[in-house]
Amino acid sequence: MHYWLMKSEPDEFSFEQLRTRGTEPWTGVRNYQARNFMRAAAVGDLVLFYHSNCPEPGIAGVAKISKAAFTDPTQFEAKSDYYDPKSQRADPRWSCVEVAFHQTFKRHVTLPDLRACQALAEMLILRPGNRLSVTPVTATEFKAICGLGQK
DNA sequence: GCCAACGTTGGC
DNA sequence: GCCAACGTTGGC
């Protein structure tokens, strides 16, 4: 069992939308490190859903990996924002996973909350300049954040 | 809207 | 393989 953190801009796709839809293919990741993390994710892994680039950045709730990595179709769609003309169908560059709604927190865990939590001092997402949209989270970090969310 | 941090690109 | 230029991310 592994834990992950995935970022989304709520203007693009919010946790609320995931709750309504149930599942969502996590397409459009165009960073090799983030892609490799998605390839390492397994069905059932839990995901902290982070809202970025918004008035109150932070963790909105918990999602779950519902499909392991598969070829991201948007890389071949010429009209897509995520079109990658250099990707070959015989050897696709980009993968995505499918995520499912899992659980809403009782309260939004804000970035200042995360920074104030001693157990999260080493978290990748809190390091200056970290822009990875998919990062691994330790079990300890995951539990600490769930604790904050259920307060 | 500013700006720091970082990844990617491409010339050499 | 180096590195400057550029684009993007994301908090503030």
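Residue numbers start from 1 in every chain, and the chains themselves are labelled A, B, ... in the order their sequence lines are given, proteins ahead of strands.
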Find the distance A:Asn53:CG to B:dC3:P and express it as a whole number of Å. 17 Å
Which residue lies more 5' along DNA chain B, comparing A:Arg93 with A:Asn130 via nearest heavy atoms: A:Asn130
Taken to the nearest whole Å, CD/A:Glu56 to C1'/C:dC12 is 14 Å
Take the protein atom CG of A:Asp81 and the nucleotide atom P of C:dT9, then report the distance between them rounded to whole Å. 11 Å
Salt-bridge criterion met for A:Asp84 and A:Arg93 (N-O under 4.0 Å): yes
Hey, do the aromatic rings of A:Phe70 and A:Trp94 have their centres closer than 6.0 Å? no
Checking contacts here: which listed nucleotide (C:dG10, B:dG7, C:dG11) is nearest the side-chain heavy atoms of A:Lys7? C:dG10
Closer than 4.0 Å, any side-chain N/O of A:Tyr50 to the OP1 or OP2 of C:dG11? yes
Among the candidates C:dC12, B:dC6, C:dG10, find the nucleotide nearest to the side-chain atoms of A:Arg115. C:dC12
Measure from the side-chain heavy atoms of A:Tyr32 and tell me the nearest of C:dG10, C:dG11, B:dT8. B:dT8
Salt bridge check, A:Arg107 against A:Asp113: does any charged N sit closer than 4.0 Å to a carboxylate O? yes
Could you please name the option among C:dG11, B:dT9, B:dG7 that lies closest to any side-chain atom of A:Lys86? B:dT9
